[in-house]
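A short write-up of the structure that comes next.
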Amino acid sequence: MTASPSGNGPLTATVRPGFWCECLLTSTESDSMVLVGSFDAYAARDAVRWIRIAVRMLVSVVDAAEAEPVHEWLLFGSNPTIAALEHGKPFTIALRHEQLRLAWSALPVSFLPLAHRTGRALPPCALEWSQPASLRAALTASWNTHLPARR
């Protein structure tokens, strides 16, 4: 893929394989779905580690029948899950508590580098989507903060 950031010549962008991880919360009462968190991992081991940490924190609040397969995955499922992700297969694990369901997933993807990551301010379109006030405040505060480029 080539692109020209300013029209002065080609810029070669490298596609990088990785894993998109997310945690979705659904409610059986309202059929609504909320993105709780997401993580971009460049190694299957990192994707599984992100899911394991989150699941381990929450598995203690669900009943024993619901927690048993999750405990089994925590004890024995990491290596087979890593191998499956490395072979291009997606992974999902879920916990239910009353009317709520939390589902963590990891999906093999190809990451494209973003075009203007060196600028200090977010582009105007960043504030056009609906977002919680706390996130909006954090984004506004980050306009004056330079974040180092991800490796």
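We number each residue from 1, following the sequence as shown. Computed from heavy atoms alone, side chains included, the values below leave out hydrogens, waters and symmetry copies.
Looking at heavy atoms from C-beta onward, Leu100 lies out of side-chain contact with Thr26 at the 4.5 angstrom threshold. The side-chain heavy atoms of Leu24 and Val36, taken from C-beta on, include no pair separated by under 4.5 Å. Here the side chains of Arg52 and Leu74 are in contact, with some heavy-atom distance below 4.5 Å.
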Using the rule given for side-chain contact (heavy atoms from CB on, under 4.5 Å), can you reason through Phe39 versus Glu22, listing the C-alpha separation, both sets of side-chain angles and the distance that settles it, and then say yes or no? CA-CA 6 Å; Phe39 178 69; Glu22 61 186 19; over 6 Å; no
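The aromatic ring centres of Trp73 and Phe91 sit less than 6.0 Å apart.
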Could you go through residues 102-113 and list every donor-acceptor pair under 3.5 Å that involves a side-chain atom there, pairing it with any protein atom two or more places apart or in another chain?
none

Exercise answer: donor-acceptor pairs, residues 82-89 side-chain atoms, under 3.5 Å, sequence neighbours excluded:
| residue | atom | partner | partner atom | Å |
| --- | --- | --- | --- | --- |
| His87 | ND1 | Ala83 | O | 2.7 |

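The backbone N or O of Arg96 sits less than 3.5 Å from a side-chain atom of Glu66, completing a donor-acceptor pair.
Note that the CD1 atom of Ile93 and the SG atom of Cys23 stand 11.5 Å from one another [nearest 0.5 Å]. In this structure, the separation between OG on Ser27 and CD on Glu98 is 11.0 Å, given to the nearest 0.5 Å. Going from atom CG of Leu25 over to atom CE of Met33 covers 9.5 Å, rounded to the nearest 0.5 Å. In this structure, Arg56 CZ and His71 NE2 are separated by 11.0 Å, a value rounded to the nearest 0.5 Å.
Looking at every heavy atom in both residues, Pro80 comes nearest to Gly77 through CD-O, 3.4 Å. Nearest heavy-atom pair, Ala47 versus Phe19, reported as atom, atom and distance to 0.1 Å: CB-CB, 4.0 Å.
Within 6.0 Å of CD in Glu72 there are 12 or fewer heavy atoms belonging to other residues, nucleotides or ligands.
Not counting sequence neighbours, Trp20 has no partner by the ring pair (Phe, Tyr, Trp, His ring centres under 6.0 Å) test.
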